[in-house]
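Before any comments, here is the structure.
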Protein chains: 2
Amino acid sequence: MAKQIDDEQVYAATIELLLAKGYAGATTKMIARKAHVNEVTLFRKYGSKAQLVAAALAHERDQMAVDSVDYTGDVSADLMHMVELYHSATPRQSQMMLLIVSDMARYPELRETIQIPFEMVATFSQIIMRYQAEEQLREGDPFLCVQALLGPVIVNTMLRSADAAMRVPMIDLQEHVARFLSGYGN
Amino acid sequence: MAKQIDDEQVYAATIELLLAKGYAGATTKMIARKAHVNEVTLFRKYGSKAQLVAAALAHERDQMAVDSVDYTGDVSADLMHMVELYHSATPRQSQMMLLIVSDMARYPELRETIQIPFEMVATFSQIIMRYQAEEQLREGDPFLCVQALLGPVIVNTMLRSADAAMRVPMIDLQEHVARFLSGYGN
DNA sequence: ATGCAATGCAAGTCAACACTTGCATCGGGC
DNA sequence: GCCCGATGCAAGTGTTGACTTGCATTGCAT
C-alpha cells in the first residue's frame with residue numbers, strides 16, 4: 001500500500017455508508033474496508049468515528065456548490081436551479097439533508113453538522129427574499145417558502161430511496177416549479 | 001407489580017424512544033424502564049426487539065385514523081383534513097413517517113413496516129383521484145400530488161424537531177393548502 | 001386455598017463495536 | 001543509502017446491547 005492514504009476515498013466511503021446504513025450502522029470496520037485502508041489508520045488520522053464523520057460531512061458540504069445558486073432576475077430559472085442542485089446533482093447530495101436531520105441530530109457529538117442544511121436553506125432564503133422585495137414572489141416567511149419549494153422534492157427522494165420495489169414515480173421538476181409559482185408567485 | 005403488563009404502555013414507550021433515539025439508539029433496557037416493565041418480560045412477550053418494534057408501529061398505525069379522511073366534495077376541506085391529520089394530531093404521528101422511511105428501511109427485519117406510509121399515501125391518492133376526475137384538481141400522478149401536499153409539512157416537522165434552537169417557524173396549514181390549490185386546483 | 005401462568009430479579013452468554021497497543025514494513029526526503 | 005513518519009497487521013481491551021436461564025413471587029381462576 002502506498003504512503004499517505006487518500007482522504008477523498010475515505011470521505012467517499014464514509015458518506016456512502018452513512019447514507020446506506022446510518023450513523024450507528026456504518027461501522028469503522030466497514031468504512032475502512034470500503035476505502036481500502038486499515039481501520040487503525042482511521043483512528044490515527046481522524047481521532048474518532050465522530051470526528052471522521054464530521055470531517056466527511058464538512059468535505060461533502062464543500063463539494064456541494066450551494067453558493068452557485070445566484071440571483072439572476074429570472075425567478076423561474078433560479079428556483080429551478082435550487083431544486084436541481086438539490087435533486088439531481090448526485091444521489092449522495094440529495095439524501096444528505098435527510099440523513100443529517102434524522103440521524104445526526106440524535107448524536108450530540110455531531111450536533112454541529114446539523115447546521116449544514118440550515119445554511120443551505122438560509123442561502124436560498126436570501127434569494128427568495130430578493131424576489132419577494134421585487135414582488136415577483138408573494139410575501140411570507142422565506143424559510144417556509146423554501147420548505148414549500150424543496151419539501152416535495154425531498155419527500156420524493158426519500159420515498160424513492162426507501163423502497164425501490166414501490167416504483168415511486170420521479171418528480172417532474174419543471175412542473176413542480178411551475179406549480180410552486182402558481183401558489184407563491186405574483 | 002400487577003399481573004399482565006399493559007401493552008399500551010409498552011407501545012407508547014417504544015414509539016417515544018424510537019422517535020427520540022432511532023431504532024439503534026432505543027435500547028430494550030430503556031424501553032423497559034420507561035414502560036415500568038422488566039426487560040426480560042419484553043422478550044418473553046414479544047420475542048425480539050424487532051418484533052416489539054413492529055408490533056408498536058402496527059399499533060400506532062391503527063391509532064392513526066387515516067381512513068377518517070373521506071371524500072366530502074369539498075376539496076379544500078378534505079386536503080386540510082389530510083395535512084392536519086398528518087401534522088397536528090399528535091407529535092408522535094407527525095414524525096412517524098420520517099422515522100419509518102429513514103430508519104426502518106435500513107433494517108431488513110423491519111422492512112415490512114415501511115408499507116405504513118405507503119398505505120397512507122395510497123389512501124390519500126384515492127381521494128385526490130376522485131377530485132381529479134371531477135376536475136376540481138388538475139390531472140397528474142396522484143402520488144406526486146400527495147407528495148406536493150405533504151412534502152412541505154413533513155419537511156417543516158423535520159426541521160422543527162431537528163433543532164429547537166433554530167426557531168423554525170411553524171407552517172400555516174391553511175395558507176399551505178390554499179397555495180397548493182393555486183398550483184394544483186382548477 | 002391452591003395451582004398455574006405471567007411477571008420480576010439476578011446473573012450470565014455471546015457478539016459486535018469503538019478504540020488501543022506493539023511491532024513490522026514501506027516509501028519519500030535528506 | 002538512511003532515517004523517520006505514515007501505514008499495515010494482529011491481537012487485545014472495555015463496553016454495551018440483544019437475548020437467555022433459573023428461580024422466586026404474585027395474582028387471578030377455579
Side-chain angles (χ1 to χ4, degrees), chain A residues 1-57 59 99 103-113, chain B residues 1-57 59 99 103-113:
Chain A
M1 270 296 143
K3 192 169 183 170
Q4 285 280 79
I5 63 174
D6 184 0
D7 282 305
E8 299 276 343
Q9 208 172 0
V10 173
Y11 293 152
T14 304
I15 297 289
E16 217 170 310
L17 281 166
L18 277 180
L19 292 182
K21 311 264 188 179
Y23 183 66
T27 71
T28 53
K29 204 168 303 214
M30 296 168 76
I31 296 173
R33 230 172 58 104
K34 174 159 282 196
H36 302 108
V37 159
N38 195 285
E39 190 187 358
V40 182
T41 305
L42 294 182
F43 288 100
R44 280 198 275 243
K45 281 207 67 167
Y46 306 100
S48 68
K49 179 180 176 180
Q51 285 174 282
L52 166 59
V53 168
L57 287 177
H59 180 259
L99 170 80
D103 212 20
M104 297 300 111
R106 293 184 183 126
Y107 301 91
E109 66 269 34
L110 293 171
R111 188 59 61 83
E112 48 177 293
T113 67
Chain B
M1 272 293 146
K3 191 170 182 170
Q4 284 281 80
I5 62 175
D6 184 1
D7 282 305
E8 299 277 343
Q9 208 172 0
V10 173
Y11 292 152
T14 305
I15 298 287
E16 216 169 311
L17 281 166
L18 277 180
L19 292 181
K21 312 266 189 178
Y23 183 67
T27 72
T28 53
K29 205 168 303 220
M30 294 167 77
I31 295 173
R33 229 172 58 104
K34 174 161 282 196
H36 303 107
V37 159
N38 195 284
E39 189 188 0
V40 183
T41 305
L42 294 182
F43 288 100
R44 281 199 275 242
K45 280 206 69 168
Y46 306 100
S48 70
K49 179 180 176 181
Q51 286 174 283
L52 166 60
V53 169
L57 288 177
H59 180 259
L99 169 80
D103 211 19
M104 298 299 110
R106 294 183 182 126
Y107 302 90
E109 67 269 32
L110 293 170
R111 186 62 58 83
E112 48 176 292
T113 66

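Chain naming here is simple, since letters A, B, ... match the order of the sequence lines and numbering starts at 1 in each.
- Taking the C1' atoms of five terminal pairs at each end of the helix from dA1(C)-dT30(D) to dC30(C)-dG1(D), the two resulting helix axes are inclined by 10°, rounded to 10°.
- A distance of 11.0 Å separates CD of Gln4(B) from OG1 of Thr41(B), quoted to the nearest 0.5 Å.
- Rounding to the nearest 0.5 Å places CD1 of Ile15(A) at 7.5 Å from CG of Leu99(A).
- Taking side-chain N and O atoms only, Thr41(B) has a distance below 4.0 Å to OP1 or OP2 of dG8(C).
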(request) Produce a footprint string for nucleotides 13-22 of chain D: one letter per nucleotide, 5' end first; B if the base is under 4.0 Å from any protein heavy atom, S if only the sugar-phosphate is, - if neither. (result) ----SSBBBB
Can you tabulate the close N/O pairs, meaning under 3.5 Å, that link protein atoms to atoms of nucleotides 2-6 of chain D?
| residue | atom | partner | partner atom | Å |
| --- | --- | --- | --- | --- |
| dG5(D) | N2 | Lys3(A) | NZ | 3.3 |
| dA6(D) | O3' | Gln4(A) | OE1 | 3.3 |

I'd like a table of donor-acceptor pairs (distance under 3.5 Å, sequence neighbours excluded) in which one partner is a side-chain atom from residues 18-30 of chain A, with atom names and distances.
| residue | atom | partner | partner atom | Å |
| --- | --- | --- | --- | --- |
| Thr27(A) | OG1 | Met30(A) | N | 3.2 |
| Thr28(A) | OG1 | Glu39(A) | OE2 | 2.7 |

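- Checked against side-chain contact (heavy atoms from CB on, under 4.5 Å), Gln51(B) has the following partners two or more places apart in sequence or in another chain: Ser48(B).
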(request) Go through the steps for Leu52(B) and Val10(B) under the test side chain to side chain contact (heavy atoms under 4.5 Å, CB included), then give the verdict. (result) CA-CA 9 Å; Leu52(B) 166 60; Val10(B) 173; 3.8 Å; yes
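- Phosphate proximity of dT7(C) to Asn38(B): absent, as no side-chain N or O sits under 4.0 Å from OP1 or OP2.
- From Ile5(B), atom CD1 reaches atom CG of Asn38(B) across 9.5 Å, with rounding to the nearest 0.5 Å.
- Evaluation of the side-chain hydrogen bond (donor to acceptor under 3.5 Å, both in side chains) rule for Tyr107(A) yields no partner, not counting sequence neighbours.
- By the side-chain hydrogen bond (donor to acceptor under 3.5 Å, both in side chains) test, Glu8(B) pairs with His59(B), sequence neighbours left out.
- Arg33(B) has its CZ atom 16 Å from the C1' atom of dC9(C), to the nearest Å.
- Among residues two or more places apart in sequence or in another chain, the side-chain hydrogen bond (donor to acceptor under 3.5 Å, both in side chains) test is passed with Asp7(A) by Tyr46(A).
- Whole-Å rounding puts the Tyr107(A) OH to dA18(C) P distance at 11 Å.
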(request) Give the C-alpha distance, both sets of side-chain angles, the deciding distance and a yes or no for side chain to side chain contact (heavy atoms under 4.5 Å, CB included) between Met104(A) and Val53(A). (result) CA-CA 10 Å; Met104(A) 297 300 111; Val53(A) 168; 4.3 Å; yes
